[in-house]
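Here, residue 1 is the first one in the sequence, and each next residue gets the next number.
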Amino acid sequence: MSEAILLVGGQGTRLRPLTSHTPKPLLPVAGVPFLAHQLARAAAAGVTRIVFATSYLAELFERAFDGWDFGLELVYATEREPLGTGGAIRNAAKHLTCDPGDPVLVFNGDILSGVDIAALREGHRGTGADVTLHLTRVSDPRAFGLVPTDPDGRVTAFLEKPQTPEQIVTDQINAGCYVFTRSVIDRIPAGRVVSVERATFPTLLAENALVRGVVDDTYWLDLGTPAALVKGSADLVRGRIDSPALPGPTGDALVLPGARVDPDAVLSGGTVVGEGARISAGAVVEGTVVLPGARISAGAVVYHSVIGRDAEIGAGTTADTVVIGDGARVGSGNELPPGLRIGCGATVDDESVRTSAAPTLCPPRTALPSGVRHASSAAR
Ligand code: GDD
Ligand code: MG
């Protein structure tokens with residue numbers, strides 16, 4: 001028996017508009033809801049029971065895994081108001097069945113990683129630590145929790161999202177996978193907002209608890225941004241990171257059942273074409289996530305982008321590193337610039353967006369290049 005808690009209650013703000021209707025952990029990555037990769041890896045590491053700590057769009061999680069069999073018991077703990085990462089762990093702990101001295105794995109729900117989960121758990125048990133943290137190294141640690149360690153691997157500080165250059169004391173970051181001794185979780189205050197990164201870890205360090213960091217340099221990616229989501233999906237499709245949940249053989253592209261790809265279209269770079277999607281003749285699609293029901297018309301060229309559910313890219317349109325919301329319709333002959341985000345259900349007229357004339361970033365609900373209409377104005 002080995003139990004885990006999965007933190008999946010965040011709003012996925014950096015992935016809007018993709019996360020308007022779908023929680024980040026359920027976005028399709030390499031053809032399956034992202035969590036399927038994490039659940040399959042956890043099961044392979046001997047985890048037998050997982051408590052989902054849900055909040056945002058909580059009701060969608062149970063439905064998403066109906067009919068799946070990971071060989072895991074899935075249990076759900078929903079927060080009425082988001083309790084933060086520490087509060088969520090504490091709230092989920094009411095569903096744990098293990099003893100106070102047993103190890104409990106905790107995963108952020110947006111991490112694709114090759115870490116040896118079983119070795120992390122066994123190392124924790126062997127050292128009698130209060131908490132063991134998986135750490136990885138990144139070239140720019142500013143968006144993460146910095147975790148310096150001493151030569152014995154003991155964590156000496158925890159600096160979440162450093163604000164000043166002086167705070168950047170290490171390239172080791174919290175990789176979002178922990179082993180807690182159960183009794184440590186039970187001491188987190190219940191029923192209120194707590195950040196594990198800003199409160200629980202610093203408090204444990206101040207109390208001189210044994211907090212260990214295990215640096216592991218295998219594959220690691222936080223899928224919290226569109227660029228990372230696209231990269232993670234393409235890396236899975238190309239076999240750069242293994243997943244027992246990949247729904248097909250590795251290769252240049254993955255085409256899901258029910259998708260139609262014209263023989264004169266070119267797919268490459270780990271592109272995935274979701275169920276019921278269509279790619280027409282002469283289209284070139286590289287390193288892109290095409291969600292179920294989307295359509296890429298003849299001669300369109302799409303690089304490193306996410307095309308939302310049932311969205312449409314018109315004939316001859318080019319797009320590089322864009323995010324197209326569910327049900328949006330981009331007309332023909334457009335040149336979508338890098339970073340452009342089109343809201344769910346929005347419409348882009350034919351030949352109305354040209355790379356040179358358009359701003360480089362267009363989040364939904366702010367200035368749009370001429371020719372782009374949000375769903376609400378399109379409906380008027
Ligand atoms: N249930 C619940 N409730 N889950 C939450 C809540 C909440 O109130 N807030 C966040 N989560 C979940 C998210 O769904 C995600 O799976 C995880 O907690 C981490 O939240 P993110 O929003 O992805 O945080 P981050 O990426 O900015 O930073 C975290 O991960 C980094 C590694 O990728 C921190 O843990 C950093 O220290 C770490 O370096
Ligand atoms: Mg994250």
Q. If you measure from CD on E160 to CD1 on I173, what distance do you get to the nearest 0.5 Å?
A. 9.5 Å

Q) Counting distance only, does the side-chain N/O of S233 pair as donor-acceptor with the main-chain N or O of K231 below 3.5 Å? A) no

Q: Taking all heavy atoms of G114 and all of T218, pick out the closest pair and write down the distance.
A: C-OG1, 3.5 Å

Q: Nearest 0.5 Å please: distance from the CD atom of Q38 over to the CD1 atom of I117.
A: 8.0 Å

Q. Are any of the side-chain heavy atoms of I324 and L336 separated by less than 4.5 Å?
A. yes

Q. Are side-chain N/O atoms of R14 and T225 paired as donor and acceptor at under 3.5 Å?
A. no

Q | Heavy atoms of other groups near Y303 OH, more than 12 under 6.0 Å | A | no

Q.
Counting only heavy atoms not in D242 (residues, nucleotides, ligands), do more than 12 fall under 6.0 Å from its CG?
A. no

Q. Is the closest basic N to carboxylate O distance between R154 and D152 below 4.0 Å?
A. no

Q.
So which atom in I342 and which in P17 form the shortest heavy-atom distance, rounded to 0.1 Å?
A. O-CG, 3.5 Å

Q.
Among residues at least two apart in sequence or on other chains, which ones pass side chain to side chain contact (heavy atoms under 4.5 Å, CB included) with A315?
A. S297, S332

Q | From L267, T271, V290, residue fulfilling side chain to side chain contact (heavy atoms under 4.5 Å, CB included) relative to V255 | A | L267

Q | No-hydrogen, no-angle side-chain donor-acceptor test under 3.5 Å, T13 and Q11 | A | no

**Q.** Reported CD-to-CZ distance for the pair E79 and R90, which is rounded to 0.5 angstrom
**A.** 12.5 Å

Q | Rounded distance [0.5 Å steps], CH2 in W220 versus CD1 in I241 | A | 12.5 Å

**Q.** Main-chain N/O of R16 paired to R341 side chain as donor or acceptor, under 3.5 Å
**A.** yes

Q) Which atom pair, heavy atoms only, marks the closest approach of P162 to P141? A) CD-O, 4.3 Å

Q. Should L229 and L18 count as side-chain neighbours, where that means a heavy-atom distance under 4.5 Å?
A. yes

Q. Stepwise, does the salt bridge (charged side-chain N to carboxylate O under 4.0 Å, His left out) test hold for R137 with D217?
A. CA-CA 7 Å; R137 291 192 184 90; D217 287 325; 2.6 Å; yes

Q: To the nearest 0.5 Å, tell me how far S113 OG sits from D222 CG.
A: 11.0 Å

(Q) Around atom CD of E81, are there more than 12 heavy atoms from other residues, nucleotides or ligands closer than 6.0 Å? (A) no

Q: Check step by step if side chain to side chain contact (heavy atoms under 4.5 Å, CB included) holds for V230 and S305.
A: CA-CA 7 Å; V230 162; S305 295; 5.8 Å; no

Q. Of all heavy-atom pairs between L254 and A30, which one has the smallest distance, and what is that distance?
A. CD2-O, 3.5 Å

Q: Determine the interplanar angle of the F70 and W68 rings, folded into 0 to 90°, and report it as parallel if under 30°, tilted if 30 to 60°, perpendicular if over 60°.
A: parallel

Q: Find out whether C177 and L120 are in side-chain contact, i.e. whether some heavy atom of one side chain is under 4.5 Å from a heavy atom of the other.
A: yes

Q: Only pairs at least two apart or in different chains count here, so list each side-chain hydrogen bond (donor to acceptor under 3.5 Å, both in side chains) that has a residue in residues 168-177.
A: T149-Q172, N174-Y178

**Q.** Nearest-0.5 Å distance that lies between atom NZ in K161 and atom CD in Q167
**A.** 13.0 Å

Q) Any side-chain heavy-atom pair from H95 and I5 closer than 4.5 angstrom? A) no

